[in-house]
Amino acid sequence: MAKHAYITLITNADYAGAAVALVRSLALTGTKADIVVMATGGVAAADLVPLSDLGAIIMPVDLLDTSPAFNERHARAKLHADAPFTKGNKPAFHTPLDNFAKLRLWQMEQYQSIVFLDADTIVVRNIDKLFAYPEFCAAPNVYESLADFHRLNSGVFTARPSQATFEAMMTRLDVPDVFWRRTDQTFLETFFPDWHGLPVTFNMLQYVWFNLPGLWDWKSVHVVHYQYEKPWQADHPRRTQLQPLIDLWQAYRTGDAIPDIDMLANPAPS
Ligand code: UDP
Ligand code: MN
């Protein structure tokens with residue numbers, strides 16, 4: 001029997017809370033795959049309990065053992081200064097360096113096929129068919145314009161664990177003077193230059209809701225991804241614009257009144 005796993009990563013209390021919504025959403029799709037949460041020491045034991053209660057397997061992991069020079073180049077303040085975010089805001093609890101720990105999933109050779117999901121996603125329809133897709137599949141980073149199709153978004157992707165791949169990644173990742181401006185995303189795009197494209201419906205970025213409303217169709221959306229501002233942030237400049245998506249996330253977070261996805265209204269066309 002092929003071993004399949006959905007895997008996410010959490011390194012602090014904020015993303016641990018977010019993963020509750022993700023794990024609940026996955027469980028509700030009826031998947032038989034393992035649901036795995038890679039958690040660093042930055043997550044308190046008490047914050048892991050709701051995740052295991054929902055059936056998740058907790059895998060303790062370390063951040064990558066990158067060099068001090070690499071860590072300085074990718075430190076939050078330096079990265080924000082050298083590669084500013086002009087289209088949206090990153091919350092204060094987002095530490096760019098932590099993103100690279102996603103690469104640890106390639107060490108999980110007990111699984112044959114993996115679907116990685118950012119902790120700020122929810123899965124609103126079953127996506128088990130992705131386990132049969134090859135490495136490396138990801139959706140394009142579409143949330144504003146056609147030019148977005150050139151880049152991938154690393155919030156949802158397919159992978160085949162292999163210690164050999166992990167080691168090959170480590171020799172490419174931390175080389176003198178390298179700067180991965182969008183961290184794991186830029187690295188993965190470089191490591192897998194011939195990445196396979198998933199439909200955007202497998203990684204619908206929340207900004208599509210107001211920037212490209214014609215692309216949003218609940219009938220085909222499988223994964224909603226809350227890039228930039230997070231749905232649990234109180235002081236969220238786009239709260240009003242994104243209220244329907246925030247309400248949906250909150251329903252999965254609490255487990256109360258999760259709506260029938262086929263009954264949801266699409267955004268008004270611009
Ligand atoms: N992450 C984390 N702690 C951090 C930063 C990132 O656990 O400090 C993990 C988490 O799974 C998160 C993912 O890495 O969803 C990528 O970060 P985020 O989703 O905030 O980036 P965005 O989607 O906004 O580009
Ligand atoms: Mn994300």
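Start at 1 and go down the list; that is how both ligands and their atoms are numbered.
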Exercise. With a 4.0 Å cut-off, would you call D62 and R104 a salt bridge?
Worked result: no
Exercise. Should the pair F85 and H80 be assigned to parallel (<30°), tilted (30 to 60°) or perpendicular (>60°) ring geometry?
Worked result: tilted
Problem set entry | Nearest non-hydrogen protein atom, atom 11 (O) of ligand 1 | L9 O, 2.7 Å
Seminar exercise, completed: Closest to atom 16 (C) of ligand 1 among protein heavy atoms sits D118 OD2, 3.4 Å
Problem set entry | Shortest reach to atom 15 (O) of ligand 1 by a heavy atom, considering only P96, A13, A119 | A119
Exercise. Tell me, which protein residue and heavy-atom name are nearest atom 12 (C) of ligand 1, and how many Å apart are they?
Worked result: Y15 CE2, 3.5 Å
For this session: Check the pair F100, F70 against ring pair (Phe, Tyr, Trp, His ring centres under 6.0 Å), reporting the backbone distance first and the verdict last.
Result: CA-CA 11 Å; F100 292 107; F70 181 96; 5.2 Å; yes
Exercise. For atom 19 (O) of ligand 1, which protein heavy atom lies nearest, and how many Å away is it?
Worked result: D120 OD2, 2.8 Å
Exercise. Relative to atom 25 (O) of ligand 1, which among Q227, K90, K230, R76 owns the nearest non-hydrogen atom?
Worked result: K90
Exercise. Would you call the rings of F136 and F192 parallel, tilted or perpendicular, where under 30° means parallel and over 60° means perpendicular?
Worked result: parallel
Exercise. Is the closest heavy-atom distance from Y226 to ligand 1 below 4.0 Å?
Worked result: no
Problem set entry | Check against side-chain hydrogen bond (donor to acceptor under 3.5 Å, both in side chains), D174 and T66 | CA-CA 6 Å; D174 186 1; T66 42; 5.2 Å; no
Problem set entry | Distance filter under 4.0 Å to T95 heavy atoms, resulting ligand 1 atoms | 4 (C), 5 (C), 8 (O)
For this session: Return the orientation label for the W249 and Y226 ring planes: parallel under 30°, perpendicular over 60°, tilted otherwise.
Result: perpendicular
Exercise. Which atom, counting only N, O or S, brings D118 closest to the Mn ion (ligand 2)?
Worked result: OD2
Problem set entry | D260, CG: over 12 other non-hydrogen atoms inside 6.0 angstrom | yes
Exercise. Relative to each other, are the rings of F187 and W180 parallel, tilted or perpendicular (30° and 60° limits)?
Worked result: perpendicular
Problem set entry | Q185 to ligand 1, any heavy atom closer than 4.0 Å | no
Seminar exercise, completed: closest protein heavy atom to atom 23 (O) of ligand 1 is H225 NE2, 3.0 Å
For this session: Give the atoms of ligand 1, by number and element, whose distance to some non-hydrogen atom of F93 is under 4.0 Å.
Result: 8 (O)
Problem set entry | Atom indices of ligand 1 within 4.0 angstrom of Y228 heavy atoms, with elements | 24 (O)
Exercise. In terms of residue, atom name and distance, what is the protein heavy atom nearest to atom 7 (O) of ligand 1?
Worked result: T11 N, 3.0 Å
For this session: Report the residue from Y111, F191, F157 that forms a ring pair (Phe, Tyr, Trp, His ring centres under 6.0 Å) with W106.
Result: F157
Problem set entry | T40, D98, N99: member with heavy atom nearest to atom 6 (C) of ligand 1 | N99
Problem set entry | Which segment of T121 sits under 4.0 Å of ligand 1 when only heavy atoms are counted | neither
For this session: For the residue pair W218 and W216, categorise the inter-ring angle as parallel (less than 30°), tilted (30 to 60°) or perpendicular (more than 60°).
Result: perpendicular
